[in-house]
Amino acid sequence: IDVYLSRYASTEKAYAMFTKRVVGDGDPAHPDTPRPIEGGAVSALGIGNAYLWRGKHLAEITFNDTSAASADDVKKKADAILPGLVEAFGAKLPGEKDLPAAAARLPTDHQLPLGRRFVTDELLGVKGTGAGAFGYYREDDKRWRTVAIVKSDAATAKDVMKSFGSLEGAAKEKGIGEEALRVIVSYKGPEAEWLLARQ
């Protein structure tokens, strides 16, 4: 078993790397996406590996068995060993368990397991947004994403809206929050329409 323990400058940076490892630019609904397990603040079990986040720490744990006959054999052995190890390891790590503010603000209804991606800058690839989170959701055959950005004051939040408003084709919407915009953003995939509101 190999354990790589990283300590970041902030909880946000550590959590951002955890979500990059677990979700990345993929779809958390894909069957190969790691699944949640107990340990630390948030943990995930992949195929022969596990990820653990708590506070400023990220642990990446890999099960290596050269005697394994197949990938399925590795998976079975790792599934039997890693969850208990992750839970014990996570209990000993220092640091808070609370999610960064933007990730905590995402709705939980219909959110996919581990369906969060946190970035420390340029949410959806838009300059001037700063850090934020987006969540992945599913209800029956419907799929959607939600974004959340938390700022310390109204002036900074207005600046974020200006950043989105400067995108080509951005249009104001009435009657939603204190101000709202409809924008088209292409972020590492096909174009998506977003409705953004400030409150």
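Basis for what follows: all heavy atoms, side chains included, without hydrogens, waters or symmetry-related copies. Positions are given from 1, in the same order as the sequence printed here.
- Among residues two or more places apart in sequence or in another chain, the side chain to side chain donor-acceptor pair (under 3.5 Å) test is passed with Glu122 by none.
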### Message
Please determine whether side chain to side chain contact (heavy atoms under 4.5 Å, CB included) holds for the pair Met161 and Leu181, giving the CA-CA distance in whole Å, both sets of side-chain angles, and the decisive distance to 0.1 Å.
### Response
CA-CA 8 Å; Met161 293 299 283; Leu181 292 169; 4.0 Å; yes
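- Distance check, rounded to the nearest 0.5 Å: CG of Leu58 to OG of Ser6 gives 5.5 Å.
- The nearest pair of heavy atoms linking Ser163 to Thr129 is OG-N, 4.4 Å.
- Residues Val42 and Leu114 are in side-chain contact: their nearest non-hydrogen atoms beyond the backbone lie under 4.5 Å apart.
- Residues Ile1 and Thr62 fail the side-chain proximity criterion, which asks for heavy atoms closer than 4.5 Å.
- With values rounded to the nearest 0.5 angstrom, Glu179 atom CD is found 7.5 Å from Lys158 atom NZ.
- In this structure, Ala170 and Gly165 approach most closely via the heavy-atom pair CB-O, 3.5 Å.
- Side-chain contact between Val22 and Trp53: absent, with no pair of heavy atoms (C-beta onward) separated by less than 4.5 Å.
- Scanning both residues, Ala78 and Gly48, for their nearest heavy atoms gives CB-CA, 3.7 Å.
- Nearest heavy-atom pair, Ala59 versus Leu5, reported as atom, atom and distance to 0.1 Å: CB-CD1, 4.0 Å.
- Defined by atom type and a distance below 3.5 Å, a donor-acceptor pair is present between the side-chain atoms of Asp153 and Thr156.
- How far NE2 of His110 is from CZ of Arg143: 13.0 Å, rounded to the nearest 0.5 Å.
- Between Met17 and Tyr8, the closest side-chain pair of non-hydrogen atoms falls below 4.5 Å.
- Inter-residue side-chain proximity for Arg117 and Lys20 is flagged as met; some heavy-atom pair is nearer than 4.5 Å.
- The hydrophobic cluster around Tyr137 extends to Leu106, Trp144, counting ILVMFWY residues whose side-chain heavy atoms fall within less than 4.5 Å of a member.
- Heavy-atom contacts from other residues, nucleotides or ligands closer than 6.0 Å to CZ of Arg105 number 12 or fewer.
- The heavy-atom pair separating Ala131 from Phe118 by the smallest distance is CB-CZ, 4.0 Å.
- By the 4.5 Å heavy-atom criterion applied to side chains, Leu52 and Ser43 are counted as neighbours.
- In this structure, Lys127 does not pair ionically with Asp121, as no charged nitrogen and carboxylate oxygen lie closer than 4.0 Å.
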### Message
Does Lys151 form a salt bridge (charged side-chain N to carboxylate O under 4.0 Å, His left out) with Asp159? I'd like the steps, not just the answer.
### Response
CA-CA 10 Å; Lys151 297 298 182 185; Asp159 288 342; over 6 Å; no
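- Rounding to the nearest 0.5 Å places CZ of Arg116 at 8.0 Å from OG1 of Thr108.
- Leu196 and Val126 fall within the same hydrophobic cluster, where Ile, Leu, Val, Met, Phe, Trp and Tyr residues are linked whenever their side-chain heavy atoms come under 4.5 Å apart, directly or through other members.
- Here the side chains of Pro28 and Val23 are in contact, with some heavy-atom distance below 4.5 Å.
- The existence of a salt bridge linking Asp79 and Lys75 is confirmed by a sub-4.0 Å separation between a basic side-chain nitrogen and an acidic carboxylate oxygen.
- Residue Glu38 places its CD atom among 12 or fewer non-hydrogen atoms of other residues, nucleotides or ligands, all under 6.0 Å distant.
- In the hydrophobic clustering of ILVMFWY residues, with side-chain heavy atoms under 4.5 Å counting as a link, Ile184 and Ile176 come out apart.
- The pair Arg182-Glu193 meets the salt-bridge criterion, with a side-chain N (NZ, NE, NH1 or NH2) lying under 4.0 Å from an Asp/Glu carboxylate O.
- In this structure, the separation between CG on Leu167 and OG on Ser186 is 11.0 Å, given to the nearest 0.5 Å.
- Checking side-chain atoms of Asp27 against main-chain N and O of Ala29 turns up a donor-acceptor pair under 3.5 Å.
- One finds the OH atom of Tyr4 at 4.5 Å from the CG atom of Asp2 (value rounded to the nearest 0.5 Å).
- Ala102 and Gly132 get closest at one heavy-atom pair: CB-CA, 4.0 Å.
- Judged by distance alone, the side chain of Arg54 and the main-chain N or O of Gly95 form a donor-acceptor pair under 3.5 Å.
- At distances below 3.5 Å, not a single donor-acceptor pair connects side-chain atoms of Arg138 with backbone N or O atoms of Gln111.
- Note on Val74 and Ile47: separate hydrophobic clusters, where clusters join Ile, Leu, Val, Met, Phe, Trp and Tyr whose side-chain heavy atoms are under 4.5 Å apart, directly or indirectly.
- For the 3.5 Å distance criterion, the side chains of Tyr51 and Asn49 qualify, holding a donor opposite an acceptor.
- Phe18 meets the ring-ring contact (aromatic ring centres under 6.0 Å, His included) test with no other residue; sequence neighbours excluded.
- Trp194 and Val150 fall into different hydrophobic clusters, where Ile, Leu, Val, Met, Phe, Trp and Tyr residues are linked whenever their side-chain heavy atoms come under 4.5 Å apart, directly or through other members.
- Residues Ile149 and Leu123 have side chains in contact (heavy-atom distance under 4.5 Å, counting atoms from C-beta outward).
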